[in-house]
Amino acid sequence: MVKDSLLGIHTTTPKTLSTSSLSSPTLLPLPLSSTHTTLHYTTLLSQFSSPHTQQPQAPFLYYSTLTHSLIFPLNSQNGSSSSTIIITPIINNNNKQIILFYYTTLTHALLFSPLNLVHTKTSTHHIMAPLSLITFTPMLFILTLLPLPTSTSSSNQQDAKTFIVQVQHDAKPSIFPTHKHWYQSSLSSVLTQNQDTNPRNIIHTYDTVFHGFSVKLTPLEAHKLRSLSHVITVIPEQVRQLHTTRSPHFLGLKTADRTGLLHETDFGSDLVIGVLDTGIWPERQSFNDRDLGPVPAKWKGECVAGRDFPATSCNRKLIGARYFYAGYEASDGKMNETVEYRSPRDSDGHGTHTASIAAGRYVSPASTLGYAEGTAAGMAPKARLAVYKVCWNGGCYDSDILAAFDAAVADGVDVASLSVGGVVVPYYLDVIAIGAYGATIAGVFVSASAGNGGPGGLTVTNVAPWVTTVGAGTIDRDFPADVRLGNGKVINGVSIYGGPGLTPGRMYPIVYAGIEESGGDGYSSSLCLEGSLDPKFVKGKIVVCDRGINSRAAKGEVVKKSGGIAMILANGVFDGEGLVADCHVLPATAVGASGGDEIRRYISSAAKSKSGAVPTATIVFKGTRLGVRPAPVVASFSARGPNPESPEILKPDIIAPGLNILAAWPDRIGPSGVPSDVRRTEFNILSGTSMACPHVSGLAALLKAAHPDWSPAAIRSALMTTAYTVDNRGNHMLDESTGNVSTVFDYGAGHVHPEKALDPGLIYDISSYDYVDFLCNSNYTTKNIQVVTRKNADCSGAKRAGHSGNLNYPSLSAVFQQYGKHKMSTHFIRTVTNVGDPNSVYKVGIKPPAGMVVTVQPETLSFRRVGQKLNFLVRVQARAVKLSPGSSSVKSGSIVWSDGKHTVTSPLVVTMQQPLD
């Protein structure tokens, strides 16, 4: 199959088509339009000129081997490509004449002209080989090869979406002064639209963690571009969504200690945390720069000014701020600047909140509407912040996220924190995975939220093994707001409502909006969707709303506008018993699924009673409660494993505080996030794996400050192997959604323990070569691997690694397909590096999964020096279990190395799967 190829050519205005006239190349001026006259080739190039044409910075003349055409993309004064002329020749060998057909996308005109052919023998070899076809090779002209506009072309333009294009970076012809000129030239060969009415310029170019550009294309154009020899891949853009204080104290980070992680690292003062999110509200006290030293000398970033965000918004704490919106606007159109800022300023609140969790300064007093009073602080209070605004009202666009990764690494961040996610796809189609790989290889620790898709299995996102994936747990603080029913029963709930409460001692009528008598359609009214409630039915009453579809706080606004006096938000079966406290706009509380069922049964039974008694209830707000037991508990919403893309890599890696977290909040946004909420607060309480991720980002900065030579994999290893799985009662951590014992698919290695992570004893390190072997053994093609790594992959050595589960990861995961086998076995090879004491001896402890036989060789590791590496082999033997077709069984255990001072724990999980018959 013949593919289209583009060759950039310096040219002159020749007098004849010969090598002598091409020996001194100059730039070719190109027109916006041409005179419709017959042109001889001897004067053709000189005729293509216009006073309206901007002199290009590089030549734009190409030869297409697919259509045997010369292609002229034309530039307007503003530099955008506004038209293309495509010239296709027919050679008449009898009279040595060429007929030139040329089509302009500007005028949609098909023109032709004969010209006399002048040639020399030497020109055959001196001109680039494809061009010699024009002079000497007989061709057949097929009119349908010309990209003439059709009635469907305009509809195809409407189908254009953003694609991210990876190119072979070192293949750029030297004639192009920049890669962007080369990219624009490549685009000109495939764009089919009228560029005057619908210009499609390059959105972003990438040159640090990725090599290429992003642009809007139709599917046909994307297919054509993919066929170019220097294009490695064309990836369709995903739109990601956000995964939306007492936590430092809960984690054991105490300022009073004169030793420990905070003091040993000077609170992370020389490290830079890059936060990819919705921006920042720089005036908050969490971002003040009092007593901070000068900006680290390595820093290369800048404070990019924008609307309501002068460059002076940055300081010695917030040392960098950028915003990336071109991908957003390319897909959604121009942003509405009355509701969001074209600048790094945060119009959502999420980015301000996550940034202060990672690196907020000590601020006291801090609270939200009187709740959670105390001192607010981030994990690394003196670490520097750089914000990269990539999320907007329409979402977080891959092309913008990749541009932010590119900038962050070039700027010099040490940690990249990303609390967004999307659908899990193979790594070579996952822009976050690709950008994170480039950052990781550059030495940047990348932490990302696991997602809020829990408690169901296979919901975890951001699963690449070079990303530290963070789930969410609870802390020992909550905000009780109980429901007291007319029958005397009390249903536990939570809330952060700070306005006038219900009258103490008074009982109010209570209704469920999902019943037939509500006046609604049943479904939408049960969810309290906008416009679904009948004011006559709910006025003056407490309204029970089911959780789902619209936001929790928005349901309260619907109830309030309809005349309801209060709201009870009831979990569905899928949500289980996990409760999230919100800053509601009216008296409201959230209850679990069983509590919701209890309330609905009470309402139903009262309605059916012969006495005609009206069901009643009230809500009792109890403020802030500390010392809650058990804690931590795996949050119900926290996304769960197994890993959908790589089952051999356990995800999430760890969990961290993510439920009801107090952190900084913008000034112009109400704490509920509802547009009508006019309340203002300096801090807000939010929940999500979005809140858990920056906890780990901040901790990673502290560990990097304490151990500058540690790689991102070493930092993750320290966090994972020192994590714990017991709560503050000494029992195994529970799952909030069910109240049952949680599993490794819920929490990975466990809950982070910062102080122990400072001195883990042993670490599992991973090199770029190890990641390549992993991808090879994951059956990725060499081209797939090149997309991720930007290098030609050599999979010849991958067989020595055995299988993808032999990546030197701190956790071990085996998957057995039974296929009628009675006995199955596998092995893991691991390498540990001594970062503890020079002369230390570690002995292994094995907790095998139930019914499995696990052996480790050797059973003792004797280290003579710090930095020494030793290997060990783990063998796992399993017997088939009875399973129905398509089902699976999961058992877990652990491998523990200890020298009496350090305990290095690796979870071991074995999955038995019964294939479908």
Side-chain angles (χ1 to χ4, degrees), residues 208-209 261 265 267-277 296 298-299 301 320 354-355 357-359 378-380 383-388 401 404-420 432-450 462-471 649 651-654 656 689 692-723 748-749 752 754 757-758 760 763-768 770-771 808-810 833 835:
T208 302
V209 301
L261 187 55
T265 63
F267 300 77
S269 63
D270 288 332
L271 276 294
V272 183
I273 301 173
V275 180
L276 284 67
D277 214 293
K298 67 173 184 178
W299 181 246
T354 56
I357 292 172
M379 295 297 98
R384 316 307 172 106
L385 278 168
V387 298
Y388 300 85
I401 292 172
F405 264 121
D406 218 49
V409 174
D411 288 346
V413 303
D414 299 287
V415 174
S417 185
L418 186 69
S419 291
V420 305
I432 289 180
I434 294 168
Y437 181 88
T440 299
I441 299 307
V444 177
F445 179 92
V446 180
S447 58
S449 48
N462 296 321
V463 296
W466 44 86
V467 173
T468 299
T469 311
V470 189
I649 303 298
K651 291 286 182 173
D653 292 308
I654 46 178
T689 54
C693 170
H695 278 87
V696 170
S697 305
L699 296 177
L702 295 178
L703 292 176
K704 182 72 172 178
H707 303 282
D709 58 333
W710 279 9
S711 69
I715 294 172
R716 176 177 60 238
S717 173
L719 290 167
M720 290 177 66
T721 60
T722 58
V752 290
L758 177 64
I763 57 169
Y764 295 81
D765 211 351
I766 303 176
S767 71
S768 60
D770 297 325
Y771 287 127
N808 200 40
Y809 216 70
T833 305
V835 295

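Below, all heavy atoms of this structure are taken into account, side chains as well, without hydrogens, waters or symmetry copies.
- Rounded to the nearest 0.5 Å, atoms CZ (R716) and OH (Y764) are 13.0 Å apart.
- Considering only heavy atoms from C-beta on, L271 stays 4.5 Å or farther from V415 through its side chain.
- G274 and Y388 make their closest contact through CA-CE1, 4.1 Å (heavy atoms, listed as atom of the first residue, atom of the second, distance).
- Side-chain contact check for F405 versus L418: some heavy-atom pair is nearer than 4.5 Å.
- Listed by first then second residue, pairs satisfying side-chain hydrogen bond (donor to acceptor under 3.5 Å, both in side chains) with a partner in residues 436-449 read H243-S449, S447-S697, not counting sequence neighbours.
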Carefully, step by step, assess V696 and V752 under the rule side chain to side chain contact (heavy atoms under 4.5 Å, CB included).
CA-CA 8 Å; V696 170; V752 290; 4.1 Å; yes

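- Nearest approach of V272 to K298, heavy atoms of both residues: CG2-CE, 4.3 Å.
- Contact record, I763 with S717: CA-OG, 3.4 Å, taken as the closest heavy-atom pair.
- Taking CZ of F445 as the reference point, atom CD1 of I273 lies at 10.5 Å (rounded to 0.5 Å).
- Panel note: side chain K651, backbone A464; a donor-acceptor pair is recorded below 3.5 Å.
- A718 approaches P760 most closely through the heavy-atom pair CB-CG, 3.8 Å.
- Between T468 atom OG1 and I715 atom CD1 the span is 8.5 Å, to the nearest 0.5 Å.
- What you find for G435 and V209 is that their closest heavy atoms are O-CB, 3.8 Å.
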Please step through side chain to side chain contact (heavy atoms under 4.5 Å, CB included) for the pair L758 and H707, ending with a clear verdict.
CA-CA 9 Å; L758 177 64; H707 303 282; 4.0 Å; yes

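- Remark: of the listed residues I654, T689, D653, D653 is the sole one forming a side chain to side chain contact (heavy atoms under 4.5 Å, CB included) with T469.
- With values rounded to the nearest 0.5 angstrom, D765 atom CG is found 10.0 Å from W710 atom CH2.
- Under the 3.5 Å distance criterion, the side-chain polar atoms of D406 are matched with a main-chain donor or acceptor of T208.
- Within the model, atoms OG1 of T354 and CG of D277 stand 3.5 Å from one another, a figure rounded to the nearest 0.5 Å.
- Interatomic distance, I401 CD1 to I434 CD1, rounded to the nearest 0.5 Å: 12.0 Å.
- A donor-acceptor pair under 3.5 Å links the side-chain atoms of N462 to the main chain of V420, judged by distance alone.
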Step by step, work out the side chain to side chain contact (heavy atoms under 4.5 Å, CB included) result for W466 and V446.
CA-CA 8 Å; W466 44 86; V446 180; over 6 Å; no

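- When all heavy atoms are compared, the tightest approach of A380 to G698 is CB-O, 3.7 Å.
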